[in-house]
**Student:** 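Sharing a structure here in structure tokens format.
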Protein chains: 2
Amino acid sequence: MMSDESPARPLTSRELAALIGVSQSAVSRAFTPGSSISSKLRARILGAAHEYGYQPNAIASMMTTKRTKIVGIVVSDMRNPFYPALIERLTQALQRVGFQSLLFNISPGARIEEQLVAIRTYNVDTVIVISATILDDRTLNWAAGGRRAILLNRLSHQDMPTVCCDNVAGARAVVDHFHAIDRHRIGYVAGLAKTAVGMTRQGAFTTRLAELGMRLVGSAGSEAYTFEAGWQGALDLLAARPDAIFFASDILALGGLGALRAAGVRIPEDIAVAGFDDIVMAGWPTNDLTTYRQPVDQLIEKAIEMTLAAEIDEDRLVLLPGELIIRGSTSGD
Amino acid sequence: MMSDESPARPLTSRELAALIGVSQSAVSRAFTPGSSISSKLRARILGAAHEYGYQPNAIASMMTTKRTKIVGIVVSDMRNPFYPALIERLTQALQRVGFQSLLFNISPGARIEEQLVAIRTYNVDTVIVISATILDDRTLNWAAGGRRAILLNRLSHQDMPTVCCDNVAGARAVVDHFHAIDRHRIGYVAGLAKTAVGMTRQGAFTTRLAELGMRLVGSAGSEAYTFEAGWQGALDLLAARPDAIFFASDILALGGLGALRAAGVRIPEDIAVAGFDDIVMAGWPTNDLTTYRQPVDQLIEKAIEMTLAAEIDEDRLVLLPGELIIRGSTSGD
DNA sequence: CCACTTTTTGCAATCGGTTGCAAATCATCA
DNA sequence: TGATGATTTGCAACCGATTGCAAAAAGTGG
């Protein structure tokens, strides 16, 4: 496979065909699984390809098949460590099934549409949208340009294919846990309030609180899922004297933990703290954060399944349950 | 731009040409800057394109121009937060100059070459290699398949175009700082010892120690740039009773800080701690880590420059200085 | 107004594969 | 062995743009 030095210009199928005296279509078929070719000829061609270092040109085959084997991944927040971890595993999983990932990193504020023009011209087979923020459904549809768009860890109001953690179950699990450890004055630090995911978590959280007769003593908004926002949110809540705080994401919770500790609050004795996501840092001994773990592997598996499926008729909205990971920030060890 | 509903099949240049009664080549030229076309005709065509929602098909133009406007980004460690931050800014910068990023996320151990076959078939214009680990020069050359490969934050033994932080300056700056705050029993926690970057940092560090007559009381290896490795490395060093420890990267240092604090060591009174990279978490008040900041923006700027350059004759190895960021982990506030 | 230069436009070949169709080969069975 | 059907192979059109070349149009000067 790594034979010889690569020539300046790579071999074409026609050239390889000429070299070994077969037709060019035979070469093409040799590389196309399931095509009409005898195994003997295929073996001979693959052998020669190996020997001369021929590899089919993916661009050319995109021309005719109109399939690029590329998925566009739309992201906007790689600062929150949850996303890189998700992207890493997603791209690897895609590679395993023969797809490559074209990254569209859209930055807020700037001319969104302009940033998305490329996604149409590159003819990606599928668009996977991870970005929680920014894109509204309409823009998204336009960007996909008729291709399949899959929402990953993000909700929409239309019926686009969606794979998402069950935020309701997650928020409820946290409340139930607070209840179990006998906390009743609860605080909430929201992420981006405008997003569907953010609203779902918050809604389920407050609903469950009410069901159990617990008291939401205060809630703080925030403009972003960042450490600083969590820090500030925690400080904002202190006056309400909560005995437990739920942060809409781990990165917020870490900021909150920092602020609370700096303020001399004992965790979990004075205030229990829980987050959402279970990013790797949540498990670090220095943080030891109770959190609702997103089922990343299953999310990805489902997303891949949707990417490969010919049609997505049923189960357009897949909600997967996660798991509450109880650590020292709520259980007095 | 967002006109109408996108038709199932997007318009081709020939169809648009027919619609408004011009030749297909005119349409092509209208979209090609600097091509021979009157501004009047161009305006008419662009107007019609807008109206009918036509956009040139990038795949087709790749066929003829043999330029894909895609750079392959080879990564292997997205767990270390330094890399996502780098990748985010790199892809955004590339987008700004009209390039898209195809992500090749190679996982260690597995059949590396197999994972890289795609990089050749997709005909990326340039390969930017961020992965510090894994790939040796030979494999890399093969994967690039004659195309330009640029090493970013990584060194090679050949003369491939390289953009890298000045690790020597960085390591020396840290030693000088330890010297300035009067620490003389120094410990070192290495990253992946096998990598060129790792060895450079370590070499410069020990050399400078010697120059200043300071004592390296101990050094710990590690298998990876991870929190856990840093934690373990710090513990390994404790017996040597250092009064300052340099960690080869921030993520290691954070682990080290955790271990040291857990062991009741006061930072910085008992042991001063410094890292390398200046990832965002280093600046969090909870960590407050002194570190050598990598000049990320300049690194990227240079990498983009090399991507766009027709030829890279001179300055094939660009070393950019960073900046020592002094925080609470070394300066007693 | 005409000859001549410069610019604009269209024609048609080309990039490197894929695939429908027909020809050629192989296999099977009477 | 010859007829018949099943496989295998090659031919050639096609995907949707780019671009060299020649024809057409526009601009210039005498």
Side-chain angles (χ1 to χ4, degrees), chain A residues 7-46 48-49 52-70 118 120-125 145-146, chain B residues 7-46 48-49 52-70 118 120-125 145-146:
Chain A
R9 193 177 56 75
L11 225 50
T12 70
S13 63
R14 223 171 295 266
E15 290 165 337
L16 181 69
L19 277 172
I20 58 176
V22 299
S23 78
Q24 181 269 335
S25 7
V27 175
S28 172
R29 283 192 259 256
F31 280 89
T32 311
S35 62
S36 162
I37 187 175
S38 67
S39 49
K40 191 153 36 137
L41 182 56
R42 165 170 284 151
R44 182 151 76 93
I45 291 174
L46 291 182
Y52 293 105
Y54 166 79
Q55 272 179 229
N57 181 329
I59 306 295
S61 81
M62 292 177 196
M63 274 301 296
T64 46
T65 62
K66 288 160 185 282
R67 308 196 53 236
T68 53
K69 291 282 202 170
I70 293 179
R120 311 180 97 223
T121 68
Y122 276 92
N123 272 308
V124 299
D125 289 343
Chain B
R9 193 178 57 73
L11 226 49
T12 70
S13 63
R14 220 172 299 268
E15 291 166 336
L16 181 67
L19 277 172
I20 58 176
V22 301
S23 79
Q24 182 268 335
S25 5
V27 174
S28 171
R29 283 193 260 256
F31 281 89
T32 310
S35 62
S36 164
I37 188 175
S38 67
S39 48
K40 190 153 37 139
L41 182 56
R42 166 170 283 151
R44 182 151 77 94
I45 292 174
L46 291 182
Y52 293 106
Y54 166 79
Q55 273 179 227
N57 181 328
I59 307 295
S61 83
M62 291 177 196
M63 272 304 293
T64 46
T65 62
K66 290 162 184 283
R67 310 197 51 236
T68 52
K69 290 280 201 173
I70 293 179
R120 310 182 96 222
T121 68
Y122 276 92
N123 271 308
V124 298
D125 289 343

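Chain identifiers are assigned alphabetically (A, B, ...) following the order of the sequence lines, protein sequences preceding nucleic acid strands; residue numbering begins at 1 within each chain.
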**Student:** Rounding to a whole Å, what distance do you find between B/L11:CG and D/dC15:P?
**Tutor:**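 So the two atoms are 14 Å apart, to the nearest Å.
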**Student:** Is there a donor-acceptor pair closer than 3.5 Å between any side-chain N or O of B/T68 and the backbone N or O of B/N123?
**Tutor:** yes
**Student:** What is the distance from CD of A/E15 to C1' of C/dC15, rounded to the nearest Å?
**Tutor:** 12 Å
**Student:** Without decimals, in angstroms, what is the distance between B/M62 CE and D/dT18 P?
**Tutor:**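 To the nearest whole Å, that distance equals 11 Å.
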**Student:** Measure CD/B/Q55 against P/D/dG16 and give the value in whole Å, please.
**Tutor:** 15 Å
**Student:** Rounded to whole angstrom units, what separation is found between the CZ atom of B/R67 and the P atom of D/dT19?
**Tutor:** 11 Å
**Student:** Might you point out which heavy atoms bring B/N57 and B/I59 nearest each other, and give the distance in Å?
**Tutor:**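 So the two residues come closest at OD1-N, 2.8 Å.
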**Student:** Show the nearest heavy-atom pair for residues A/F31 and A/A49, with the distance to one decimal.
**Tutor:**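 In terms of heavy atoms, the two residues are closest at CZ-CB, 3.7 Å.
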**Student:** Report the distance from atom CE of B/M63 to atom P of C/dA13, rounded to the nearest whole Å.
**Tutor:** 17 Å
**Student:** Closest heavy-atom contact between B/I20 and B/Y52?
**Tutor:** CG2-CE1, 4.4 Å
**Student:** Under 4.0 Å between a side-chain N/O of B/T65 and OP1 or OP2 of D/dT18, yes or no?
**Tutor:**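 Indeed not, no polar side-chain atom of B/T65 lies that close.
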**Student:** Between protein and nucleotides 8-14 of chain D, map the contacts as a letter string: B base, S sugar-phosphate only, - none, heavy atoms under 4.0 Å, written 5' to 3'.
**Tutor:** BBBBB--
**Student:** Please give, in whole Å, the distance from C/dT8 P to B/R44 CZ?
**Tutor:**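 Going from CZ in B/R44 over to P in C/dT8 covers 15 Å.
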**Student:** Scan A/T12 against the nucleic acid and name what it touches under 4.0 Å (heavy atoms): base, sugar-phosphate only, or nothing.
**Tutor:** sugar-phosphate
**Student:** Quickly work out the B/I59 CD1 to D/dT18 P distance and round it to whole Å.
**Tutor:** 13 Å
**Student:** Strictly below 4.0 Å: does A/Y54 bring a side-chain N or O up to OP1 or OP2 of C/dG16?
**Tutor:** no
**Student:** Looking only at atom types and distance, does a side-chain atom of B/R42 sit under 3.5 Å from a main-chain N or O of B/R29, one as donor and one as acceptor?
**Tutor:**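 Yes; judged by distance alone, with no hydrogens or angles, the pair exists.
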**Student:** Considering all heavy atoms of both residues, which atom of B/I45 and which atom of B/A30 are nearest to each other, and what is their separation?
**Tutor:**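 Nearest heavy atoms, B/I45 then B/A30: CG2-CB, 3.6 Å.
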**Student:** Looking only at non-hydrogen atoms, find the nearest pair between B/V27 and B/Y54 and report the distance.
**Tutor:** CG1-CE2, 3.9 Å
**Student:** Roughly how far apart are B/E15 CD and B/Q24 CD, rounded to 0.5 Å?
**Tutor:**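 So the CD of B/E15 and the CD of B/Q24 are separated by 11.0 Å.
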**Student:** Does B/K66 have a side-chain nitrogen or oxygen under 4.0 Å from the phosphate oxygens OP1 or OP2 of C/dG16?
**Tutor:**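 Answer is yes, contact under 4.0 Å.
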**Student:** Roughly what angle, to 10°, lies between the helix axis at the start of the helix from C/dC1-D/dG30 to C/dA30-D/dT1 and the one at its end, five pairs per end?
**Tutor:** 30°
**Student:** Search all heavy atoms of B/I37 against all heavy atoms of B/A26 and return the closest pair with its distance.
**Tutor:** CD1-O, 3.7 Å
